[in-house]
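All values below were derived from every heavy atom in this structure, side-chain atoms included, with hydrogens, water molecules and symmetry-related copies excluded. Sequence lines set the chain letters: A, B, ... in the order given, protein chains first and strands last, and positions in each chain run from 1.
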Amino acid sequence: MFQQNYYLILSLIMFLLGTFGIFLNRKNILIILMSLELMILAINLLFVTFSVFLDDVVGQLFCLIVLTVAAAESAIGLAILVVYYRICGNISVELINLMKG
Amino acid sequence: MNILISMIDIYLFMPELFIIFSFFILLIYGVSISTNKNYGYPVLLKSIGYLTIIVFLFTLFFLIKSSDFSSVYFSNFFFSNQSLKWIKITLLIISIFYIFLIISNIYLEKLNIFEFFLLFLLTILAIFLIISTFDLISIYISLEILNLTFYVLATIKRTSEFSTEAGLKYFILGVFSTGILLFGISLIYGYTGITNFTDLNIFIQNLIENKNVIEFPIQLLLGLVLISVAFFFKLSAAPFHMWSPDVYEGTITSVIALFTIFTKVIIFYLFINLFNFAFYDLFSIWQKLVIFCAFFSLFLGTFIAFIQTKFKRFLAYSSINHMGFIIIAVSSANCNGFYSLFFYIIIYILINLGIFSSFFSLRSVTSYKVNKQARYINEFIILSKTQPMVAFSILIIFFSIAGIPPLAGFFAKLIVFLTCLENSSYSLVIFSILISCLAAFYYIRIIKIIYFDNFEVWPIYLPIDKLKANVLSFSVLSLTLFCLNPNLIINIIYIIVIM
């Protein structure tokens, strides 16, 4: 029940779900922001797992730091999305085509 | 008794502490005066710009007067060194030139947000924190401060569609690369349980000594590869370069000057700190990854730059090409390799200061007091007859970037090639010399457009203003007079690398 490999596989699956959520997305940009948060969450789970199985508190400390910084980052991301929406009027992924080549 | 902060921490942290305090004081000054009805809601952009120059001069004074001993501070999270002192001094001088470059341009682009220079202060603070890290946790924290300020700076012109779209793309790919960096750091922490660079060095040395057949643990390798992938994302080296042409084309040119000039130095210094202190014994593994990225960057950067028509996109692909050269210099892990690396980067920064100061001066007058920045390569035309001195400066800068002797760019490429030949990587050197010959074409094409093309309608540009002319002349003079007296740049880079 408490084998380390199970938690590692869970974190890896969450991380891969997050990355594929960015690429296979056809709806809107908010899905991309949620997938990025899912990636960071998978990393947090990795840190806590390693902290438990190494009996070291540094992992949990790092997880707290990552959590606060990721919160600030998602705040900036949502602010950028609001600024983008004010200019373009929609947040659809297929209509981002101003720059090519 | 465990002491949380001691005097040595404050002493070694003094420049950054000064920047933090001045940031807060300038923020209070900016907010309280620019929203004041009695003063008529003034636009404080130029005032805060000149005040940041004064802040940088004071931190320069702090740095020059500080003593030279090497030590770690904040409980082994950061370190301070003589090489760090000199690289901070060069970065401050370059940032003073950067403010000279953009201060009138921001005004002309009608971007009246005074927080622009405060964000620039925060980037300099983040840069100082990044280059002095000594732990995996502080890499992440300092890199995140830089990333967050860059996300805001990329979308600072909120009324432009190009700028917001480019900022959105930069944000998404930036957080993606941060996720990959964190994955790598967590794997290394999970396998070893230590995050400090010296401890990692001792751990890996013992790991390799005790085994007869060198089998590297897969978790360490994967962590290493992921961390270097995240660094290559930030540097826009191929095959992780997807964001840079779009972001370079979209964001305003002042911010692109910031991205181009500052990120290369700090990410390479961080790369060398990490891979030289911590992972030195896994050298044969990361050398292969680095050489693959070098080949790909050189190849991609030249062949896509041929078909570009917009100048900023062209600049993005040419910077990918230069990344290829610099990554070749990284692949040899001895002092000569790092020396050639930093030498190339310093010459590259001088060239970029020159390119941006001449590009910013191309503002065409369409009607009274309405200026438009030039965007296409074809708008460089007939510059030899309308502004001959600027055209001559562009000639020297582009010859230097193409690698024509006796200008400084030739010596930079020469030293990179010589250090590669010392390590017997002959195919890499032959390939990069051929690519450099091909790449010289599209730089000289711009010189042809300036001097030899003829057109019925001549575009007339505003004359270059005084501060930009200072930066342009500094760049051009340092590139031409380098061959006569190279002592200054050589000595500074020697101190940065050897210590």
Side-chain angles (χ1 to χ4, degrees), chain A residues 4 7-8 11-12 15 18-19 22-23 29 32-33 35-51 53-56 58-59 61-63 65-66 68-70 72-88 91 93 95-101, chain B residues 135-138 140-141 143-145 147-149 151-152 154-176 178-196 219 245-250 304 307-310 313 317:
Chain A
Q4 189 185 13
Y7 290 100
L8 296 188
S11 301
L12 186 66
F15 189 79
T19 57
I22 301 178
F23 302 135
I29 303 177
I32 298 182
L33 293 180
S35 312
L36 293 171
E37 287 300 307
L38 190 58
M39 280 167 61
I40 306 258
L41 193 65
I43 302 298
N44 282 344
L45 186 61
L46 258 184
F47 271 120
V48 172
T49 310
F50 287 138
S51 160
F53 284 99
L54 284 170
D55 207 8
D56 191 9
V58 172
L61 176 74
F62 206 166
C63 173
I65 291 175
V66 169
T68 49
V69 175
E73 207 160 34
S74 63
I76 288 187
L78 287 169
I80 292 179
L81 187 63
V82 165
V83 167
Y84 178 76
Y85 174 72
R86 273 192 206 149
I87 297 288
C88 290
I91 51 173
V93 168
L95 300 176
I96 305 180
N97 58 356
L98 270 182
M99 291 179 279
K100 289 192 185 303
Chain B
D135 198 304
L136 292 174
I137 300 180
S138 50
Y140 170 68
I141 296 179
L143 211 54
E144 277 303 292
I145 300 178
N147 275 341
L148 293 183
T149 41
Y151 301 151
V152 177
T155 59
I156 200 147
K157 188 161 189 184
R158 292 175 289 187
T159 55
S160 148
E161 326 149 318
F162 280 101
S163 179
T164 49
E165 180 180 325
L168 192 67
K169 285 181 184 173
Y170 183 54
F171 171 75
I172 291 171
L173 280 156
V175 180
F176 184 64
T178 299
I180 294 181
L181 175 78
L182 276 177
F183 199 12
I185 290 180
S186 70
L187 284 177
I188 291 177
Y189 167 68
Y191 184 75
T192 60
I194 51 185
T195 52
N196 203 4
Q219 231 171 342
D246 287 342
V247 171
Y248 272 49
E249 185 192 337
I304 306 188
I307 58 176
Q308 297 303 322
T309 51
K310 292 194 178 179
R313 263 194 120 87
Y317 282 113

Nearest 0.5 Å, please: how far is CG in Leu182(B) from CG in Asn44(A)? 8.0 Å
Please classify the contact between Ile194(B) and chain A as side chain, backbone, both or neither, with a heavy-atom cut-off of under 4.5 Å. neither
Once you round to the nearest 0.5 Å, how far does CD1 of Ile172(B) lie from CG of Leu33(A)? 6.5 Å
So do the side chains of Glu73(A) and Phe171(B) get within less than 4.5 Å of each other, counting heavy atoms only? yes
Is it the backbone or the side chain of Ala166(B) that comes under 4.5 Å from a heavy atom of chain A, or both, or neither? both
In terms of the angle between their ring planes, are Phe50(A) and Tyr189(B) parallel, tilted or perpendicular, with boundaries placed at 30° and 60°? perpendicular
Which atoms of Tyr140(B) come close to chain A, meaning under 4.5 Å heavy atom to heavy atom: side chain ones, backbone ones, both, or neither? side chain
Identify the two heavy atoms, one from Ser186(B) and one from Leu46(A), that lie closest to each other, and give their separation to 0.1 Å. OG-CD1, 3.3 Å
Just give me the residue among Lys169(B), Glu144(B), Lys310(B) that pairs up with chain A most often, heavy atom to heavy atom, under 4.5 Å. Glu144(B)
Below 4.5 Å, heavy-atom pairs only: which of Thr195(B), Thr155(B), Ile180(B), Leu148(B) has the largest tally toward chain A? Leu148(B)
Answer key: most heavy-atom pairs under 4.5 Å with chain B among Ile40(A), Ile65(A), Val58(A) is Val58(A)
Between Ile80(A) and Thr164(B), is the side chain to side chain contact (heavy atoms under 4.5 Å, CB included) condition met? List the steps. CA-CA 7 Å; Ile80(A) 292 179; Thr164(B) 49; over 6 Å; no
Residues Phe15(A), Phe183(B); criterion ring-ring contact (aromatic ring centres under 6.0 Å, His included); working and verdict: CA-CA 9 Å; Phe15(A) 189 79; Phe183(B) 199 12; 4.5 Å; yes
Looking at CD of Glu161(B) and CD1 of Ile96(A), how far apart are the two atoms once the value is rounded to the nearest 0.5 Å? 13.0 Å
At a heavy-atom distance under 4.5 Å, which candidate from Thr49(A), Leu12(A), Leu54(A) has the highest pair count against chain B? Leu54(A)
Nearest 0.5 Å please: distance from the CG atom of Leu61(A) over to the CD1 atom of Ile137(B). 5.5 Å
Find the distance between CZ (Phe176(B)) and CD1 (Ile22(A)) and round it off to the nearest 0.5 Å. 5.5 Å
For chain A, find which of Gly179(B), Gly193(B), Gly190(B) contributes the most heavy-atom pairs closer than 4.5 angstrom. Gly190(B)
To the nearest 0.5 angstrom, please state how far the OG atom of Ser163(B) sits from the CD1 atom of Ile87(A). 9.0 Å
For residues Leu168(B) and Ile29(A), determine if any side-chain heavy atom of one lies less than 4.5 Å from a side-chain heavy atom of the other. yes
